[in-house]
Amino acid sequence: MKYFAVAILLVAALTFSGCGSKSNPANINGNWNATLVDSANSTLFTFGTSLIVNGDGSLSISHFQFTSNSPCFTSAGTESGSFTLAGDFSGNVKGSFGLNVQSANPTGATLALNGTANGNTISGTWSLTGAGCNGTGTFVMTKI
C-alpha cells in the first residue's frame with residue numbers, strides 16, 4: 001500500500017509540474033512566413049523570419065527578410081516583439097503577439113503587427129506609419 005501511495009504522488013507531481021509555469025511555447029519558436037494584405041485584399045508585404053520567445057515574453061528575432069519590394073522598406077533596420085502566453089491543459093499554446101519593424105532606409109517607417117497566435121498560425125492587424133508610408137490591413141503568419 002505504501003508503494004501505491006508513493007506511485008500516485010509521483011504521477012500527480014509529474015502531471016502538475018508544468019501547471020502555472022511560463023513554459024517555452026515551442027510552437028512559436030521557429031521559422032515563419034508572413035503575408036500582409038490591405039483592405040482590398042491586395043498583398044502589400046511578405047517576409048520571413050525566425051522567432052524565439054524569451055523567458056520575459058520578448059521575442060528574439062533573426063533572419064528577418066522582406067520577400068516583397070516596397071519603397072517603404074528598402075532595408076529593415078530593427079525588429080522587436082513580444083508574445084504573451086495563454087494556453088490550456090491540453091498543450092494548445094495560444095497568446096497575444098506583437099512585432100515592430102523599423103526601416104533603416106528610408107528612416108522613420110514603422111510597421112506594427114498585433115495579433116493572436118494559435119498553433120502554427122499567427123493572425124491579426126498591421127499598421128504602417130512614417131516616412132510618407134501609411135497603411136493598415138490584416139496579416140497571417142505561418143510556421144514553416
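No hydrogens, no waters, no symmetry mates; every other heavy atom, side chains included, goes into these values.
A distance of 8.5 Å separates CG of Leu99 from CD1 of Ile122, quoted to the nearest 0.5 Å. Remark: Ile28 CD1 to Leu51 CG distance equals 7.5 Å, nearest 0.5 Å. Note that the CE atom of Met141 and the CG atom of Asn31 stand 10.5 Å from one another [nearest 0.5 Å]. Remark: Ser123 OG to Leu113 CG distance equals 11.0 Å, nearest 0.5 Å. From Phe97, atom CZ reaches atom OG1 of Thr84 across 11.0 Å, with rounding to the nearest 0.5 Å. Considering CG of Leu111 and OG of Ser127, their distance stands at 7.5 Å, rounded to 0.5 Å.
When all heavy atoms of Phe45 and Ser70 are compared, the pair lying nearest together is CE2-OG, 3.4 Å. Summarising the geometry of Ala109 relative to Ala131, their closest heavy-atom pair is N-CB, 3.8 Å, with the distance given to 0.1 Å.
In the model, Ser60 has a side-chain atom that pairs as donor or acceptor with a side-chain atom of Asn54 under 3.5 Å. Side chains of Asn33 and Thr142: a donor-acceptor N/O pair is absent below 3.5 angstrom, by distance only. Looking at Gln102 and Thr110, their side chains do bring a donor and an acceptor atom within 3.5 Å of each other. Ser82 and Ser58 share no side-chain donor-acceptor pair at under 3.5 Å. At a cut-off of 3.5 Å, with distance as the only test, a side-chain donor of Thr74 or Asn105 sits close to an acceptor on the other residue.
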### Message
Before you tell me yes or no, could you show the steps for Phe66 and Phe73 under ring pair (Phe, Tyr, Trp, His ring centres under 6.0 Å), namely the whole-Å CA-CA distance, both residues' side-chain angles and the distance that decides it to 0.1 Å?
### Response
CA-CA 8 Å; Phe66 280 104; Phe73 287 93; 4.8 Å; yes
### Message
The test is side chain to side chain contact (heavy atoms under 4.5 Å, CB included); show your working for Cys72 and Leu128 and say whether it passes.
### Response
CA-CA 9 Å; Cys72 298; Leu128 175 63; 4.0 Å; yes
### Task
Decide side chain to side chain contact (heavy atoms under 4.5 Å, CB included) for Thr78 and Asn100; before the verdict, give the C-alpha distance in whole Å, the side-chain angles of both, and the deciding distance to 0.1 Å.
CA-CA 8 Å; Thr78 58; Asn100 291 314; over 6 Å; no
### Query
Does the pair Ser96 and Phe83 meet the rule for a side chain to side chain contact (heavy atoms under 4.5 Å, CB included), with working shown?
CA-CA 6 Å; Ser96 60; Phe83 176 70; over 6 Å; no
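Side chain of Ser68 to main chain of Thr46: a donor-acceptor pair is present (N/O by atom type, distance under 3.5 Å, no hydrogens or angles). Judged by distance alone, the side chain of Lys143 and the main-chain N or O of Asn29 form a donor-acceptor pair under 3.5 Å. Here the side chain of Trp126 pairs a donor or acceptor atom with the backbone of Val37 at under 3.5 angstrom.
At a threshold of 4.5 Å between non-hydrogen side-chain atoms, the residues His63 and Thr49 do not count as touching. Counting heavy atoms from C-beta on, the side chains of Glu79 and Phe47 never come closer than 4.5 Å. Side-chain contact between Thr121 and Val140: present, with at least one pair of heavy atoms (C-beta onward) separated by less than 4.5 Å. Counting only heavy atoms from C-beta outward, the side chains of Val101 and Phe64 approach each other to under 4.5 Å.
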